[in-house]
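Some notes on the structure that comes next.
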Amino acid sequence: MFSTVLIANRGEIALRIARTCRELGIRTVAVCSDSDRESAVARFADESICIGPAAARRSYLNLAALVTAALQVGADAVHPGYGFSSEDPDFAEICEYAGLVFIGPTASLLARLGDKAEARNMARAVGLPVLPGSSKPLATLAQARSIAAEIGYPVILKAVAGGGGRGMRVVRDPRDLVREYAQARAGAQTAFGDSRVYLEKFLENARHIEVQILGDGHGNVLHLGERDCSVQRRRQKLLEETPAPGLPRELADRICAAAVQAAQAVDYAGAGTYEFLVDDEDGFHAMEVNCRIQVEHPVTEMVTGIDLVREQLHVAAGYGLSIRQEDVVPRGVAIECRINAEDPRRGFLPTPGTVREFAPPAGPFVRVDTHGEPGMRVTPDYDSLLAKVTVWAPDRRQAIARADRALEEFRVGGPGVCTTRDFLREVLEHPVYRAAKHTTALIDEMDMY
Amino acid sequence: MFSTVLIANRGEIALRIARTCRELGIRTVAVCSDSDRESAVARFADESICIGPAAARRSYLNLAALVTAALQVGADAVHPGYGFSSEDPDFAEICEYAGLVFIGPTASLLARLGDKAEARNMARAVGLPVLPGSSKPLATLAQARSIAAEIGYPVILKAVAGGGGRGMRVVRDPRDLVREYAQARAGAQTAFGDSRVYLEKFLENARHIEVQILGDGHGNVLHLGERDCSVQRRRQKLLEETPAPGLPRELADRICAAAVQAAQAVDYAGAGTYEFLVDDEDGFHAMEVNCRIQVEHPVTEMVTGIDLVREQLHVAAGYGLSIRQEDVVPRGVAIECRINAEDPRRGFLPTPGTVREFAPPAGPFVRVDTHGEPGMRVTPDYDSLLAKVTVWAPDRRQAIARADRALEEFRVGGPGVCTTRDFLREVLEHPVYRAAKHTTALIDEMDMY
Amino acid sequence: MTDDHTGQSGLGELCRRAGEILSTAPGPLKRVRVQAGDMSVEVEWPEAVVVSAPAVQADQAVAETPAAVGLRESPDVIVIAAPLVGTFYRAVSPESRAFVEVGDTVEQGQQVAIIEAMKLMNAVQADRPGRVVEVLPKNGDPVEYGEPLFVLEPCGLQSSQK
Amino acid sequence: MTDDHTGQSGLGELCRRAGEILSTAPGPLKRVRVQAGDMSVEVEWPEAVVVSAPAVQADQAVAETPAAVGLRESPDVIVIAAPLVGTFYRAVSPESRAFVEVGDTVEQGQQVAIIEAMKLMNAVQADRPGRVVEVLPKNGDPVEYGEPLFVLEPCGLQSSQK
């Protein structure tokens, strides 16, 4: 096993990774920006090194600083977490060049799966259903218009370099295509430094279902069941659960098998997530692949008992997976609620400020992943996630009651700081959610009344 | 189900009970002493009522105040937790008299099983092995001397009204019997208001194994596996785990079956624990029964996924058990560590003071049950338990590593306050414990070097 | 040089003493000051929020008077608080006269109310003399331990008014 | 000069003693004062510890100067801190002369060191003029972002001494 792992991330995921490293006897080094010197992971880790100022571009996204720090502390591997540079092929390549193990897929696979148009083609090549759309980045507006006309409106424009729900624009009326196409390209350029976009059919009432897979890089891939992540605002997940409620088991099993098939085709190494859209009429459609540990991985851990970060480390260290498919026996239901510093009443706008009170829930079957503590400052430099509250129960009704209890118990707030806590309790109460009839449109519909 | 439950206890167990009540939609009323008005459970509960001054004798042990409070708030049931009056037949009887459901066995069963000498006889009557000893309370010193001579030294003197490891004296030399007998009687009178004692053979190197049972009061009893509670100081448990490590599965199954048999014989209702001593030579011996939820119940909950307080409420409300024996499928290993405000270097003397720093661990597969928070005062009025840290893992090696990680992460302390945290980490490191060869003598042996 | 040396070692002594105090003194401190001749060492803590460990309360007299909650006593205000949880009664029976009315002067030890718990009638007594200014719960109200029942003003005040 | 020296070392003693207290005293302090004869050292903490919400920092200039960590700037002390994580070099090559030595006066913008990261040599410049009092890391030491590299005293101070 590795002797020292540099954790190239911040916040709750950095702490979560450090915890598993500690349990495996691996020395951990946290990196921090100037404003994170007193963070929970900086205190937890065996060592902490400051890599730049608060602005992520100059610290957590600064590949040279990350690799220099890793070499300086004698790390033999780098865990990129999620977000930031976790799926950046350059990061994987620079690590390799510097003699560091990048804990994730290879640079070339990151490059191929990171190109969303290419990923669509790869999925289609192994026989996965994909939504009708452009098979390459759109070359011209005329091409966009002709493909959109062929597959029929509504369509969705997506950045080739995008992912995680960012950089998408829905077009419902052909007259809006000119404007939306121009804005999608401009937005993609700003957000990802790559203006290329593609388009596909947009499903108004679909469910976001994803499959957690683990691969050893030698053709062995297993899945850890599916997650329903349909509760989203602005295409960003807010609440996730497993198993997917209201989805016929047979359909869920077919989706899981499809994900395994696709991952096997690319000799996937480590933890990854295959995302699908499911609609009642057309079955399921492959969307994109996330080549990293996922924010919502705790729900899968709670029903399977498998530590996903441990498996990532095992695979990256060349030990292969410590489990086989038959060891994956999901039990009960888990729900994760993301407590973000955002104001649901103002379009989920982040609310920076000081979190004066911070007392997360605890007790039976409740897991909290957080870097929060009283007095912590929420700055606009980083994302607004304060804590993930994940609960487990034998069945969905009990899990919902437990999630509601845990959220109610969570005392969190401070001057200027709003959170998604109360809004999530409204979701848990919502009859459409309770009946497991919700789609990705749930929150928009809630906003309407 | 009940509409309002009065929780006749304090500390972490009161909060733990309130959490399950909340999840079941039951209104909760916390009682508090004058010094507990700002406690975690008082804040969590729907209502809180002060029942007396800090001294437990005049608040949490004051049956009249508890029942008056329950009636005043319109409770239909009372949950006694553990300790205090949880096994007091008078409490159960007064509740019944006042029209309140006592969440626990009937008064008459509490009386019979609370008499430890009588409980021995009941165990023997259903065919359970018990250690040789007196079948009735000792009438005279001469009788004690003759029985001790017959069964052979060492013997242990126990209070008939005792339990939970309190009020016991080991006699290794016949010449000490006079003194120890007199002191045991005096001690029993002081602690339990009942000077009667009995004696039995003392096993120097035994393991404390107990079985969690659930009964519906109509002859249906199931077990939730065994727990090893051999890590004890002064016969008080400090660390518990399930399944019992190093115990042949066949022997563990026989012990579980014996507990079920004994509980069926008395139509046990609710949650209970049958305690046994296991030694290599003679197999197992029934000791006593705890007629209440146990401090260490979280380990059982983590491996079975069953909420024990929920089952207590179901049975007490007349719904029967919500599970059958075949629904109990233990998975993996769970370990509980008790963080007490005690000084292991001074014989585990409680250390009152102010807990200035209190940041419990969290993350994957870690559960914390606590009423603690920064600034909390540890007073000599109540027991010294600050928090229970329970971890789960697929196997024992990983569970030990995880427990150690969680304990290391726990920042707790303040002026004058010592805790058992570091000592427990020594236990987790101890080769005898790691090899699962430990007996109830482990801590005494550790003290020696 | 000698002076200087003496000064330094005297100072070292001072600091050592101060350090000893810091490390051995129980509970949080507010201020430590050590002085010798013209030398002094002083250490001060902010206005302490933290309270020191309590005195052992385990075995107080049963007749202990509870502190009233939510109502401060002052030189002008005496509060009689509920000594137990139960139902508050102002008279022996519905037909009887109340033990005390607003304006009455009560003696120390005089019964002012009854609290019933589990069918037992417990007398509430004034622990100091005074004139009744206000009766807080209504007859038959449930009260918890420490709940303020009566507000009195000290007799001294009253007599000075006469 | 001799007097002055003695005074300084006596004061140093005071500071060292105060430092000892600081490092051993439990909990947050409000004030520490050490006095010997006519000399005294006093350290006091501000009332409020909580800092208000920060200004938006998302897009500062790339040439931003990091604040030094663990060393306070003051009117008498200028600190040059590491602008990035990497290896600290005092000269262009092992054979070359160091960019600056203790005692040198540096101009604003003058290169004082190199920090190497990923084979890239990054110049470290003085952002204010001053006289070099101390060089903190050794040649070849790893440094993190914000780590103090040089202590300077402002040129004004130096010229007034001349």
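In the text below, chain A, chain B and the rest are named by the order of the sequence lines, each starting its count at 1.
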**Message:** If I compare all heavy atoms of Gly363(A) with all of Asp369(B), which pair ends up nearest, and what's the gap?
**Reply:** CA-OD1, 4.1 Å

**Request:** Just jot down the side-chain contact (heavy atoms from CB on, under 4.5 Å) partners of Arg411(B), sequence neighbours excluded, or say none.
**Result:** Arg43(A), Glu373(A), Glu357(B), Ala359(B)

**Fill in**
Residues passing the side-chain hydrogen bond (donor to acceptor under 3.5 Å, both in side chains) test with Arg324(A), sequence neighbours excluded, are Asp327(A)

**Request:** Determine which residues belonging to residues 391-398 of chain B lie within contact range of chain A, meaning some heavy atom pair is under 4.5 Å apart, and list them by number or answer 'none'.
**Result:** Trp392(B), Pro394(B), Arg397(B), Gln398(B)

**Arg22(A) side-chain N/O to Glu408(B) backbone N/O, donor-acceptor pair under 3.5 Å** = no

**Message:** Need one label for Ser322(A): side chain, backbone, both or neither, based on atoms under 4.5 Å from any heavy atom in chain B.
**Reply:** neither

**Message:** Please give me the minimum heavy-atom distance between Arg331(B) and Gly305(A), naming the atom from each residue.
**Reply:** NH2-N, 3.9 Å

**Request:** Sort Ile306(A) into side chain, backbone, both or neither according to what part of it lies under 4.5 angstrom from a heavy atom of chain B.
**Result:** backbone

**Prompt:** Taking only residues at least two apart or on different chains, which pairs with a member in residues 295-317 of chain A satisfy ring-ring contact (aromatic ring centres under 6.0 Å, His included)?
**Reply:** His314(A)-Tyr319(A)

**Fill in**
On a heavy-atom basis, the closest approach of Arg402(A) and Asp307(B) is NH2-OD2, 3.2 Å

**Prompt:** Can we say Arg19(B) and Glu409(A) salt-bridge, meaning some charged N sits less than 4.0 Å from an Asp/Glu carboxylate O?
**Reply:** yes

**Item:** Partner chain B: residue of Leu24(A), Val329(A), Thr20(A) with the largest heavy-atom pair count (under 4.5 Å)
**Value:** Val329(A)

